[in-house]
Every structure is written in C-alpha cells, then in structure tokens.
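Basis for what follows: all heavy atoms, side chains included, without hydrogens, waters or symmetry-related copies. Counting convention: from 1, in listed order, for ligands and their atoms alike.
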Amino acid sequence: MSGELLYEGKAKQVYATDDPGRVVIRFKDDATAFNGVKRATVGGKGRINCAITAYLFDLVAREAGVAHHMVQKLDDERLLCERVEIVPVEVVVRNRVAGSFARRYGIHEGAALPQPLVEFFYKSDALDDPLMGEDVPVLLGWAKRWELQFMREATLAVNDVLLRFYGEHGIDLVDMKLEFGRQDGRLLLADELTPDGSRLWERSTGRKLDKDVFRRDLADLGETYRELARRVLGAV
Ligand code: 5GP
C-alpha cells in the first residue's frame with residue numbers, strides 16, 4: 001500500500017499510494033518540542049497518536065459534521081488519507097489560559113475563558129509560527145477570507161465535540177491546534193488530533209496528559225500517553 005516517502009515531518013511521515021489522490025500517513029515514535037530543538041523517541045507514541053486521531057476524526061465527523069482527510073485506519077501506526085494541500089495557517093482554539101497565550105499577556109495559566117478563543121498562526125518553522133491577525137493571511141495570499149471563516153467555524157465545532165468528549169472522561173481540553181487542507185476546492189480537517197497538539201488537564205488533579213509533560217520535563221511521556229489512551233479509548 002505505501003509507496004515513495006513524500007514528506008517526513010517531526011512526528012509523521014507521508015507516503016504516496018497507487019492512487020494519486022491519496023496518501024498514507026505514518027505516526028512516528030519521535031517526540032519533539034521547541035521547533036525540534038528537544039527530541040526523544042518514545043516507544044508506542046506513534047500507535048497511541050494514530051489510534052486517538054482515528055477515533056477523534058470519526059467522532060467529529062459524526063457529531064459535528066466536520067469532514068476530515070482520513071479514509072480509513074490501515075494498521076496500528078498508519079492512516080490512509082485524502083491527499084490535501086495543507087493551508088499554512090495553524091488554527092488554535094483556547095478554552096483556558098495556557099502556553100503562549102499566558103506568556104504573551106503575562107497571566108497565570110489555568111483561568112477559564114468566558115468563551116472559546118480562536119487564533120491564527122502562520123505555519124512556518126523558520127519563523128516559529130507567528131501569531132497573525134485575520135487580514136494577514138488574506139492579504140499575503142495564504143488563505144482566502146472564506147477559508148478563514150470556514151476554519152474558525154469548523155474549529156469551534158470540533159472544540160465543542162472534544163470538550164464534551166474529554167469532559168466525559170474527567171479531562172479538560174484546555175486548547176488545541178488544528179490544521180486544514182484543500183482538496184478539489186473544499187477544505188478538510190487534516191493533520192492529527194493528538195495530545196501532541198492539545199493541552200489536556202485531568203480535572204480532579206490538574207495533572208497534564210499531553211506533550212507539555214515532555215516540553216516541561218514533568219513526567220514520562222510514554223506513561224502519560226498510555227494513561228490518556230487507557231482513559232479515553234479503553235486500551236491501545
Ligand atoms: P501555544 O500557542 O499555547 O503554544 O499552543 C496552543 C495549543 O496548540 C497547544 O495545545 C499546543 O500543543 C498546540 N500547538 C501550537 N503550535 C503547535 C505546533 O507547532 N505543533 C504542535 N504539535 N502543537 C502546537
């Protein structure tokens with residue numbers, strides 16, 4: 001099924017298939033932070049991120065009607081996906097103050113925002129993904145106005161579903177980053193839905209069940225992801 005390696009990112013590889021309209025995405029065991037400056041290999045991470053992504057893509061399609069790029073889960077580490085052109089805009093939705101938002105405004109992490117906040121960042125490793133006002137990607141030709149509007153609404157819809165899903169497992173979805181891709185003039189939710197790109201805090205203790213444990217050296221990443229998978233998927 002997998003052919004030529006088309007692209008290798010920090011946590012995933014993308015392979016060609018016999019169908020030019022489809023690719024295979026393989027989730028790696030590599031963990032990176034701070035734009036690749038900090039690295040580790042974490043056994044089982046690819047399998048867990050693949051399983052969580054596949055489960056959550058199905059969930060958001062079913063419950064929010066958001067179309068995504070996954071066609072089917074092929075095996076433990078690989079998804080068959082529609083081939084898309086990734087929009088170079090990272091869409092972050094925040095339910096609580098954390099991370100770069102807390103640093104930018106000099107406030108403590110943790111407070112709930114009165115409503116979800118959507119922010120757009122330019123997807124550029126070379127520039128460390130700078131924050132953008134909504135006119136910037138339009139004026140610079142990175143996304144159309146309707147695409148930003150669509151991404152904002154789809155992101156809020158995905159956020160609603162995942163807030164509820166994680167909430168049912170006693171976990172607060174603090175924030176997350178989504179990416180979208182173009183295919184035949186429409187936008188599909190793309191990339192992944194994993195604890196690499198979300199902040200997930202256990203409600204009763206505040207324990208972090210996401211990649212911040214690696215970024216901040218708080219706990220073992222493999223054990224943390226296994227615990228998250230046990231909670232939300234049963235077992236992986
Ligand atoms: P922040 O802007 O606070 O650093 O990140 C907000 C949310 O988006 C967090 O859940 C974080 O994991 C996710 N995020 C932002 N940028 C990236 C990125 O480049 N890669 C990944 N994996 N997640 C990101």
Side-chain angles (χ1 to χ4, degrees), residues 7-14 25-40 42 45-46 48-50 52-53 56-57 60 86-113 116-133 137 142 151-152 154-156 158-159 161-163 165-167 171-181 189-202 206-219 221 224-225 228 232:
Y7 167 80
E8 176 138 15
K10 293 185 281 264
K12 297 189 291 297
Q13 294 167 319
V14 181
I25 296 185
R26 178 175 168 270
F27 289 75
K28 305 197 292 183
D29 282 343
D30 296 343
T32 68
F34 313 119
N35 206 354
V37 171
K38 182 171 179 179
R39 294 163 182 278
V42 178
K45 174 175 181 284
I48 289 171
N49 278 351
C50 184
I52 292 179
T53 292
L56 295 183
F57 273 152
V60 301
I86 292 287
V87 179
V89 174
E90 298 190 347
V91 189
V92 168
V93 57
R94 302 181 189 276
N95 300 302
R96 287 183 178 274
V97 173
S100 73
F101 184 83
R103 286 195 301 279
R104 194 187 316 142
Y105 299 114
I107 40 185
H108 290 298
E109 288 195 314
L113 295 169
L117 170 72
V118 173
E119 294 180 327
F120 297 107
F121 293 81
Y122 178 40
K123 184 174 163 62
S124 164
D125 282 346
L127 299 174
D128 265 342
D129 302 343
L131 178 68
M132 298 188 285
W142 296 327
M151 292 194 290
R152 172 191 294 282
T155 296
L156 288 170
V158 169
N159 183 58
V161 170
L162 297 190
L163 256 181
F165 171 74
Y166 281 116
I171 295 168
D172 273 334
L173 174 62
V174 170
D175 55 31
M176 68 180 159
K177 182 257 304 175
L178 301 183
E179 295 187 23
F180 292 81
L189 176 63
D191 194 44
E192 60 181 49
L193 293 174
T194 68
D196 281 6
S198 319
R199 288 196 172 91
L200 300 164
W201 295 353
E202 185 175 57
R207 175 181 171 191
K208 293 177 177 28
L209 295 168
D210 58 60
K211 200 167 82 175
D212 272 351
V213 304
F214 175 70
R215 296 188 185 102
R216 304 179 188 186
D217 285 323
L218 301 176
L221 188 69
T224 302
Y225 278 26
L228 177 70
V232 301

Residues Lys123 and Asp191 bridged, charged N to O under 4.0 Å:
no
Could you tell me the residue and atom name of the protein heavy atom closest to atom 5 (O) of ligand 1, and the distance to it rounded to 0.1 Å?
Arg199 NH1, 3.6 Å
Is there a heavy atom in Arg94 that sits closer than 4.0 Å to ligand 1?
yes
Non-hydrogen side-chain atoms of Phe120 and Arg152 separated by less than 4.5 Å
yes
Can you report which non-hydrogen protein atom sits closest to atom 18 (C) of ligand 1, along with the distance?
Lys177 CE, 3.8 Å
Quick one: nearest non-hydrogen protein atom to atom 12 (O) of ligand 1, plus distance?
Arg215 NH2, 3.0 Å
Say whether, by atom type as modelled, one donor and one acceptor occur between the side chain of Arg96 and the main chain of Gly110 under 3.5 angstrom.
yes
Identity and distance of the protein heavy atom lying nearest atom 19 (O) of ligand 1:
Asp129 OD2, 3.2 Å
List every atom of ligand 1 that sits less than 4.0 Å from any heavy atom of Val92, numbering the atoms from 1 in the order shown and giving each element.
6 (C), 8 (O)
Less than 4.0 angstrom from a charged side-chain N to a carboxylate O is my criterion; do Lys10 and Asp196 meet it?
no
A student checking ligand 1 against Ser100 at a 4.0 Å heavy-atom cut-off should list atoms 1 (P), 2 (O), 3 (O), 4 (O)
Atom 16 (N) of ligand 1: closest protein heavy atom, distance to 0.1 Å, is Glu90 OE1, 3.5 Å
Can Arg199 and Asp175 be counted as an ion pair, charged N to O under 4.0 angstrom?
yes
Are Lys177 and Phe121 close enough, and set up right, to give a side-chain contact (heavy atoms from CB on, under 4.5 Å), and what steps lead you there?
CA-CA 10 Å; Lys177 182 257 304 175; Phe121 293 81; over 6 Å; no
Compute the shortest N/O to N/O distance between Asp175 and ligand 1 and return yes if it is under 3.5 Å, no if not.
yes
Under 4.0 Å from a heavy atom of Gly99: which atoms of ligand 1 are those, numbered in the order shown and with their elements?
3 (O)
Enumerate the atoms of ligand 1 whose separation from the nearest heavy atom of Asp196 is less than 4.0 angstrom.
12 (O), 21 (C), 22 (N), 23 (N)
Exercise: do Asn95 and Asp172 side chains pair donor with acceptor under 3.5 Å
no
NZ/NE/NH1/NH2 to OD/OE distance under 4.0 Å, Arg216 and Glu109:
yes
